[in-house]
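So the structure is just underneath, and the comments pick up after that.
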Number of protein chains: 2
Amino acid sequence: MASSRKARLYGGMDAEERRAERRLKLIDAAIEVYGEVGYRGATVKAICEAAELTERYFYESFANSEALLIAAYNHVVGHLHEEMTAAAVAAGDDAEMRLRAALTLYFTRLKEHPKPARVFLLEISGISPAVDAVKLDALRVFGDILVPPTSEPKQGEKAGAATLLSIGMVGAVISIALRWVSKQYPQAVEDVVAIAAGFCRVALTEADRRRGLHLP
Amino acid sequence: MASSRKARLYGGMDAEERRAERRLKLIDAAIEVYGEVGYRGATVKAICEAAELTERYFYESFANSEALLIAAYNHVVGHLHEEMTAAAVAAGDDAEMRLRAALTLYFTRLKEHPKPARVFLLEISGISPAVDAVKLDALRVFGDILVPPTSEPKQGEKAGAATLLSIGMVGAVISIALRWVSKQYPQAVEDVVAIAAGFCRVALTEADRRRGLHLP
DNA sequence: GTTATCTGACAATACATATTGTCAATTCTG
DNA sequence: CAGAATTGACAATATGTATTGTCAGATAAC
């Protein structure tokens, strides 16, 4: 019954499908435009032109520019995190190997796709509290991929310290990535991975050490 | 001769002195307002009201909002870096002690002055290429204070790696600071310093190791 | 006290862009 | 083909803020 109530087809597509396609086109266009002129420099009009759609369809899928930025960011980050997780899993059980695998995938993708990289690294910062929250969550996930949190949930002091370690680690990796990207990849991927891995190892070993309650 | 051509005094002040005072008042007001609503949310009008001056004087001292942001940032960072350097020097010759001293001063000041801290950590990001350049330079100085670069200038590959190490270190420290500030200082200064120092040590020891050309 | 300089409040202008609305052309359904 | 849904181009509106301009009143120099 419910399935019988389908909207008229256009170009062989459902109304929903068309809407979804337009939404995707807008997201792709946004990544493209952000990559060129930045979020701040990107007007609704310019994005719509790049998507070959008119403003009308912008407001069909997004309440405002910020909503599109968030969608674009999640789009980029979603893919990246999935791939990193897969790479880490494929690398086996050794923490060091998993770390290298995830980082290698990360830097490889940044080099392959500069524009999404810019969205991921740069454009997402300092737009609004809502956007910041989305970013913070993504960074948390990013940290968990690189250094999976221990199973037992921690309390107060310890949890705070572990979080700061994770934050510092991600901050280091992202800063390195940002520099590397903006200087147009002067080092080989493996070299950058090696440097970034050093910072991750701190978080890893320090977290271990703290778990052992001040043992030398 | 030249000195005789002084402008009329107002409130006992030279024209130049009055202008300088207004400029300073605007910078202080800007830090205050940025700390409340952020750079993006700060209007020229609001800053002028906070400074108890009118827009006229804004354009007397600054070409536009961005110029004031840069001035405010340099104002904040200038003080901070001077103090950090002094603290490091006072701590003696041991690299570890100098590092701790500089970090301790840094996190102490962040806690004492949240509004300038926000300018320093947050508001400066992603405004424009010009502002980014100012920030990058400040971060470089920041890195050099924490881990002074070796005297002999390096070449190509090595210089790049050293830079990335420094960048990663600063990124870690800043990210930790950002989190700590935004969560309203849940850990003691010494604890945060200990965590941050871990990341700095990586850069320090790794740079040493690389100097020794792949020795174990 | 008179005049030139400076100041503060506020009006006037300029401008860019988001957001909504209109309407004719196109594409489908029956 | 006729009529309805859908689309694209573009106009109209709304809004917010930077930037410049005006002018009366305050302040200092002589």
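Below, chains carry the letters A, B, ... as their sequence lines are ordered, and counting in each starts from 1.
- Looking at residues 32-50 of chain A, you'll see that no heavy atom sits under 4.0 Å from any atom of DNA chain D.
- Leu204(A) contributes atom CG, which lies 15.0 Å from atom CZ of Phe199(A) (distance to the nearest 0.5 angstrom).
- As a whole-Å value, the separation of Phe62(A) CZ from dT20(C) P is 15 Å.
- Contact detail for Ala51(B) and Leu26(B): the closest heavy-atom pair is CB-CD2, 3.9 Å.
- Following rounding to the nearest Å, Glu16(B) (CD) and dT5(C) (P) show an atom-to-atom distance of 17 Å.
- Ring orientation note: the planes of His79(B) and His75(B) are nearly perpendicular, at an angle over 60° on the 30°/60° scale.
- Considering only residues two or more places apart in sequence or on other chains, Asp132(A) meets the side-chain contact (heavy atoms from CB on, under 4.5 Å) condition with none of them.
- For the segment residues 67-75 of chain A, no residue has any heavy atom less than 4.0 angstrom from an atom of DNA chain C.
- Glu66(B) has its CD atom 18 Å from the P atom of dT17(D), to the nearest Å.
- dG8(C) atom P lies 17 Å from atom CZ of Phe58(B), rounded to whole Å.
- Checking Thr104(A) against Glu190(A) by side-chain atom types alone, no donor-acceptor pair falls below 3.5 Å.
- Protein atom CD of Glu55(B) is 11 Å distant from nucleotide atom C1' of dA11(C), rounded to whole Å.
- Within a 6.0 Å sphere centred on CD of Gln184(B), other residues, nucleotides and ligands contribute 12 heavy atoms or fewer.
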Would you tabulate the pairs of protein nitrogen or oxygen atoms and nucleotide nitrogen or oxygen atoms of nucleotides 6-8 of chain D closer than 3.5 angstrom?
| residue | atom | partner | partner atom | Å |
| --- | --- | --- | --- | --- |
| dT7(D) | OP1 | Arg18(A) | NE | 2.7 |
| dT7(D) | OP1 | Arg22(A) | NH1 | 2.8 |
| dT7(D) | O5' | Tyr57(A) | OH | 3.2 |
| dG8(D) | N7 | Arg56(A) | NH2 | 2.7 |
| dG8(D) | O6 | Arg56(A) | NH2 | 2.8 |

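- Once rounded to the nearest 0.5 Å, the distance linking CD of Glu83(A) with CD1 of Ile145(A) reads 11.0 Å.
- Spacing between atom CG of Asp14(A) and atom P of dC28(C) amounts to 14 Å, rounded to whole angstrom units.
- Protein atom OH of Tyr59(B) is 9 Å distant from nucleotide atom C1' of dT20(D), rounded to whole Å.
- By the 4.0 Å N-to-carboxylate-O rule, Glu123(A) lies too far from Arg40(A) to be salt-bridged with it.
- Residues passing the side-chain contact (heavy atoms from CB on, under 4.5 Å) test with Val77(A) are Tyr73(A), His81(A), Phe120(A), Ala138(A), sequence neighbours excluded.
- Ion pairing of Glu16(B) with Arg19(B) is present here, as a side-chain N (NZ or NE/NH1/NH2) and a carboxylate O approach within less than 4.0 Å.
- Protein atom CE of Met13(A) is 17 Å distant from nucleotide atom C1' of dA5(D), rounded to whole Å.
- Legend: residues meeting side-chain contact (heavy atoms from CB on, under 4.5 Å) with Ala117(B), ordered by chain and number and at least two apart, are Leu110(B).
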